[in-house]
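First the structure, in the form of structure tokens, and then the observations on it.
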Amino acid sequence: MNIPWKTAWVIGASSGLGAEISKQLSEAGCKTFLSARRADKLEELCSELSNAIPVPLDITNRHECSKVTNQIITENGELPELIIINAAIYAPMNVETFDPRQIANMIDVNYVGSANIIEKIIPNGNADKSVTLATVTSPSGWRGLPGGIGYGPSKAALINMIESMTPEMRERGFNMRLINPGFIKTRLTEMNDFEMPQLMEPSDAAERAINGLKSNKFDIAFPNPFILKL
């Protein structure tokens, strides 16, 4: 795979889509920093790759976000050319299992956690050197989907935040992107008890995401026709 980036930082890289994106970037020769809460999983993944550096991070902790951002900038000399925010949690929920505490947890990680790391990235932008900043959201943030009573609103808030800040972020040198994949076969979707049309393997979804980032699309959504029917 040919890619335009020499350095990358994948946040939420220990499993699923994040791990596969990290693998494909690393295999393409990109020096890739990998972050997630589970240090053991990061170490295991990085041991299989030649260009990957584990940097554990809990994005719900603003102090850690500041520390790790500074650490990566110190090691890399500047922000990586590509940053992908993929960290998220998911709990399927319907009316019978409605739980505001679970909703709060998803908001804290999926939305506020993303805001925490973006806060630390912003001051390091350079209008003369573009950094691609991609956030993995979800079609469930567009409209309600089965099981997404708690998860969907966290992604809707995230999409709205990224859309709202994009014009100003571009002035600071950030090429803002959204990645909106359909259903991916991961430990999270294994919790679903409903039909998931066009369920993708993580490696397929990762390749589609990277190819989308190589294009000029702001909203990278796949696969068709599932996306087109929403």
Side-chain angles (χ1 to χ4, degrees), residues 3-13 17-18 21 25 30 32-33 35 57 59-62 64-66 68-70 72-73 76-88 106-145 148 151-182 205-206 208-224 227-228 230:
I3 58 173
W5 316 283
K6 294 181 180 179
T7 57
W9 180 15
V10 182
I11 302 164
L17 178 62
I21 287 176
L25 289 174
C30 182
T32 309
F33 296 92
S35 290
L57 169 65
I59 62 171
T60 65
N61 186 316
R62 292 179 67 218
E64 280 192 27
C65 288
S66 179
V68 170
T69 301
N70 291 335
I72 289 176
I73 290 173
N76 192 55
E78 59 187 356
L79 284 174
E81 297 172 344
L82 171 65
I83 302 172
I84 300 175
I85 302 173
N86 176 62
M106 285 183 272
I107 291 288
D108 190 36
V109 175
N110 303 352
Y111 176 53
V112 179
S114 296
N116 286 340
I117 194 65
I118 290 173
E119 176 194 20
K120 306 307 178 184
I121 290 171
I122 288 173
N124 298 288
N126 184 340
D128 297 324
K129 185 175 178 63
S130 179
V131 170
T132 297
L133 178 54
T135 307
V136 179
T137 52
S138 168
S140 65
W142 298 344
R143 57 182 55 97
L145 294 177
Y151 181 76
S154 72
K155 292 298 188 176
L158 185 54
I159 290 170
N160 189 288
M161 181 178 72
I162 297 301
E163 290 176 342
S164 298
M165 70 193 313
T166 288
E168 292 179 85
M169 290 292 280
R170 284 174 176 163
E171 294 176 359
R172 295 171 178 262
F174 293 101
N175 179 17
M176 304 296 285
R177 305 294 192 89
L178 291 174
I179 300 174
N180 276 303
R208 291 172 186 247
I210 292 172
N211 285 334
L213 289 170
K214 289 160 61 177
S215 73
N216 293 321
K217 293 180 180 178
F218 169 71
D219 192 339
I220 302 158
F222 56 86
N224 293 331
I227 294 297
L228 297 177
L230 294 179

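Rounding to the nearest 0.5 Å places CD1 of I220 at 10.0 Å from OG1 of T137. The CZ atom of F174 sits 7.0 Å away from the CG atom of N124 when rounded to the nearest 0.5 Å. Note that CD1 of I84 is 4.5 Å distant from CD1 of I21, once rounded to the nearest 0.5 Å. Taken from OG in S130 to CG in L82, the straight-line distance is 10.5 Å, to the nearest 0.5 Å.
Remark: D219 engages N180 in a side-chain hydrogen bond (donor to acceptor under 3.5 Å, both in side chains) (not counting sequence neighbours).
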Evaluate the criterion side-chain contact (heavy atoms from CB on, under 4.5 Å) for residue pair V112 and T60; output intermediate values, then yes/no.
CA-CA 7 Å; V112 179; T60 65; over 6 Å; no
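A distance-only check finds a donor-acceptor pair linking the side chain of E81 to the backbone of K6 [under 3.5 Å]. Checked by atom type and distance alone, the side chain of K155 pairs as donor or acceptor with a backbone atom of V136 at under 3.5 Å. Remark: the backbone N or O of S66 is not paired with any side-chain donor or acceptor of T69 at under 3.5 angstrom. A donor-acceptor pair under 3.5 Å is formed between the side chain of N86 and the backbone N or O of G12. Between the N116 side chain and the I59 main chain, a donor and an acceptor come within less than 3.5 Å of each other.
Atom CZ of R208 has more than 12 heavy atoms from other residues, nucleotides or ligands within 6.0 Å.
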